[in-house]
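In what follows, every heavy atom counts, from backbone to side chain, and hydrogens, waters and symmetry copies are set aside.
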Amino acid sequence: MSSVQVSAGDDAAAALRLERGNVVRLAIAQALAGANSVVVYATGAVVGNVLAPSKSLATLPISIFVVGMALCTLPAGAVAQRYGRRAAFMLGTGCGVLAGLLASLAVVYASFALFCIATFLGGVYAAVVLSFRFAAADCAPPERRPRALSAVMAGGVFAGVIGPQLVTYTMNLWPAYLFAATYIGQAVVAAVSAVILLGVQLPRPSASDRSGGRPLSIIGRQPRFILAIVCGVVSYLLMNFIMTAAPLAMKFCGLPQESANLGLQWHVIAMYAPSFWTGRLISRFGASRVVAAGLMLTGTASTVGLFGIDVAHFWATLILLGVGWNFGFVGASAMVLECHRPDEKARVQSFNDFLVFGTMAFGSFLSGGLLASFGWDMVLWLSFAPLLLAIIALAAGRRIAAPAGQGS
């Protein structure tokens with residue numbers, strides 16, 4: 001064996017170790033940072049119900065959380081394209097720490113406005129966290145990108161345990177101020193996530209990366225990209241639409257907060273646990289079929305919820321909703337990776353997330369008002385409309401082949 005072959009082998013082994021190290025760190029950070037979203041969803045509507053001037057505004061903090069996600073995606077993508085993903089990660093985790101501290105102060109001073117500011121910053125953090133999946137794809141060669149993406153998403157399984165347990169064990173630590181200690185704990189977890197992310201080694205943006213490639217107007221006209229957007233939007237919209245209302249609906253039905261916490265725990269575990277094999281399913285069956293399975297599971301979740309309002313029905317709805325979201329969103333994210341060139345990745349990925357979270361914000365705003373005015377059943381019935389749209393889009397796009405030669 002020649003020295004050139006040995007050197008090439010050593011380089012390949014070193015690249016593989018770097019790839020695995022990055023993916024592991026991103027998965028751990030996903031687990032810690034994912035607790036931020038769980039805490040907001042578990043407590044936001046409950047705290048909002050106490051602090052808001054009108055009960056119809058109870059879910060407004062969660063809606064503002066989603067708005068923060070939507071508005072941050074394009075600026076975060078610009079930061080990543082110019083200064084690298086790690087700079088965007090540090091910006092996001094900083095917002096996460098600040099979100100927890102401000103939310104705690106909002107509870108202490110009974111300030112609904114301050115609580116909404118805190119959840120907005122929490123949304124900024126959550127948007128950056130969701131870019132971890134694309135950062136993992138950057139680390140891997142094309143054939144391993146779906147698995148790298150889903151491996152990082154699998155870190156959310158632990159977020160499904162960390163978040164609800166953080167709420168359960170800290171919510172009454174400061175008896176006079178429900179959840180104040182929880183939000184302090186949330187800030188600490190965000191700080192630990194920042195330390196983990198400092199170890200992620202990603203290449204600095206090159207001059208060609210900064211140039212940005214083709215205009216978004218051209219990329220956005222690709223049928224495959226349009227299909228990815230529709231499926232990603234509907235998958236995330238319906239998950240957020242139903243999950244936002246669920247904890248408050250459980251309270252309205254006389255169920256204890258602990259049951260809502262556990263329901264969200266199993267929901268988040270169901271969101272991320274399939275990621276251990278979603279990448280393999282995409283490689284074997286294709287992203288479109290995996291997305292179709294996710295949409296069917298989401299429809300099943302809404303159907304189950306219509307059959308009862310006891311703990312079992314709420315939990316079954318949330319679990320099925322979580323698995324459906326995973327297949328739908330991870331599958332749609334894999335479609336996005338097929339639609340851009342390497343120098344376009346930051347802009348295209350952030351544009352995709354902007355559209356997903358922007359539409360999701362509408363659903364979150366609508367969810368609280370519908371629940372307060374018409375009840376839980378109406379929330380579930382309305383979920384079938386966007387679901388039907390996505391199914392029609394998938395059926396129409398069955399013969400649309402992925403763009404050749406444009407893998408990220």
- Message: Checking Phe115 against Phe120 for the side chain to side chain contact (heavy atoms under 4.5 Å, CB included) test, could you report, in this order, the C-alpha distance in whole Å, the side-chain angles of both residues, the deciding distance, and whether it holds?
- Response: CA-CA 9 Å; Phe115 187 65; Phe120 178 86; over 6 Å; no
- Quick one: do Asp353 and Ser131 satisfy side-chain hydrogen bond (donor to acceptor under 3.5 Å, both in side chains)? Show the steps, please. CA-CA 9 Å; Asp353 285 352; Ser131 72; over 6 Å; no
- Derivation and outcome, side chain to side chain contact (heavy atoms under 4.5 Å, CB included), residues Leu114 and Tyr109: CA-CA 9 Å; Leu114 185 59; Tyr109 290 103; 5.5 Å; no
- Message: Test side chain to side chain contact (heavy atoms under 4.5 Å, CB included) on Leu318 and Trp266; report intermediate values, then the result.
- Response: CA-CA 7 Å; Leu318 288 170; Trp266 287 111; over 6 Å; no
- Query: Is there a side chain to side chain contact (heavy atoms under 4.5 Å, CB included) between Val291 and Leu394 once you walk through the steps?
  - Reply: CA-CA 9 Å; Val291 170; Leu394 268 178; 3.8 Å; yes
Pairs under 3.5 angstrom only: tabulate donor-acceptor contacts from the side chains of residues 328-335 to other protein residues two or more places apart or in another chain.
{"residue": "Ser333", "atom": "OG", "partner": "Arg133", "partner atom": "NE", "Å": "3.0"}
{"residue": "Ser333", "atom": "OG", "partner": "Arg133", "partner atom": "NH2", "Å": "3.4"}
{"residue": "Ser333", "atom": "OG", "partner": "Phe329", "partner atom": "O", "Å": "2.9"}

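In terms of heavy-atom proximity, Ala191 sits nearest to Val97 at N-CG2, 3.7 Å. The shortest non-hydrogen separation linking Tyr125 to Gly92 is CD1-O, 3.1 Å. Minimum heavy-atom separation, Ala136 to Leu26: N-CD1, 3.7 Å. A pairwise comparison of heavy atoms in Leu198 and Met90 identifies CD2-SD, 3.7 Å as the closest pair. Here the shortest heavy-atom pairing between Leu320 and Ala301 reads CB-CB, 3.7 Å. Of all non-hydrogen atoms in Ala151 and Val23, the two that sit nearest each other are CB-CG1, 3.9 Å.
Looking at Trp315, its side chain does come within 3.5 Å of a backbone N or O of Ser259 through a donor-acceptor pair. Although no hydrogens or angles enter the test, the distance criterion places no donor-acceptor pair under 3.5 Å between the side chain of Glu338 and the main chain of Arg224. The backbone N or O of Leu380 lies less than 3.5 Å from a partner atom in the side chain of Ser383, making a donor-acceptor pair. No donor-acceptor pair under 3.5 Å is formed between the side chain of Ser111 and the backbone N or O of Ala106. Not a single donor-acceptor pair under 3.5 Å links the side chain of Thr93 to the backbone N or O of Ala194. Within the 3.5 Å criterion, the main-chain N or O of His313 finds a donor-acceptor partner in the side chain of Asp310. The backbone N or O of Val200 sits nowhere less than 3.5 Å from a side-chain atom of Asn22 that would complete a donor-acceptor pair.
Around the CZ atom of Phe384, the shell of radius 6.0 Å holds more than 12 heavy atoms that belong to other residues, nucleotides or ligands. Around atom CD1 of Ile309, no more than 12 heavy atoms belonging to other residues, nucleotides or ligands sit under 6.0 Å away.
Rounding to the nearest 0.5 Å places CG of Leu91 at 14.5 Å from CZ of Arg86. The distance from atom CD1 of Ile282 to atom CZ of Phe327, rounded to the nearest 0.5 Å, is 9.0 Å. Put simply, CG on Leu295 and CH2 on Trp325 are 13.5 Å apart, with the number rounded to the nearest 0.5 Å. How far CD1 of Ile62 is from CG of Asn240: 8.0 Å, rounded to the nearest 0.5 Å. Rounded to the nearest 0.5 Å, atoms CG (Leu121) and CG (Leu98) are 5.0 Å apart. Separation of atoms OG1 (Thr43) and CE (Met171) is listed at 10.0 Å; rounding is to 0.5 Å.
Using a 4.5 Å cut-off on side-chain heavy atoms (C-beta onward), Ser37 and Phe65 make contact. Side-chain contact between Phe225 and Val348 is present, with heavy atoms from C-beta onward closer than 4.5 Å. Counting only heavy atoms from C-beta outward, the side chains of Thr317 and Ser302 never approach each other to under 4.5 Å. The side-chain heavy atoms of Thr298 and Ser235, taken from C-beta on, include no pair separated by under 4.5 Å. Put simply, the side chain of Arg25 does not reach to within 4.5 Å of the side chain of Arg20, judged on heavy atoms. Using a 4.5 Å heavy-atom cutoff, the side chains of Asn36 and Gln186 are in contact. Using a 4.5 Å heavy-atom cutoff, the side chains of Val129 and Phe132 are in contact. The shortest side-chain heavy-atom distance between Phe252 and Leu371 falls under the 4.5 Å cut-off.
Proximity of the aromatic rings of Trp174 and Tyr183 is defined here by a centroid distance below 6.0 angstrom, and this criterion is not met.
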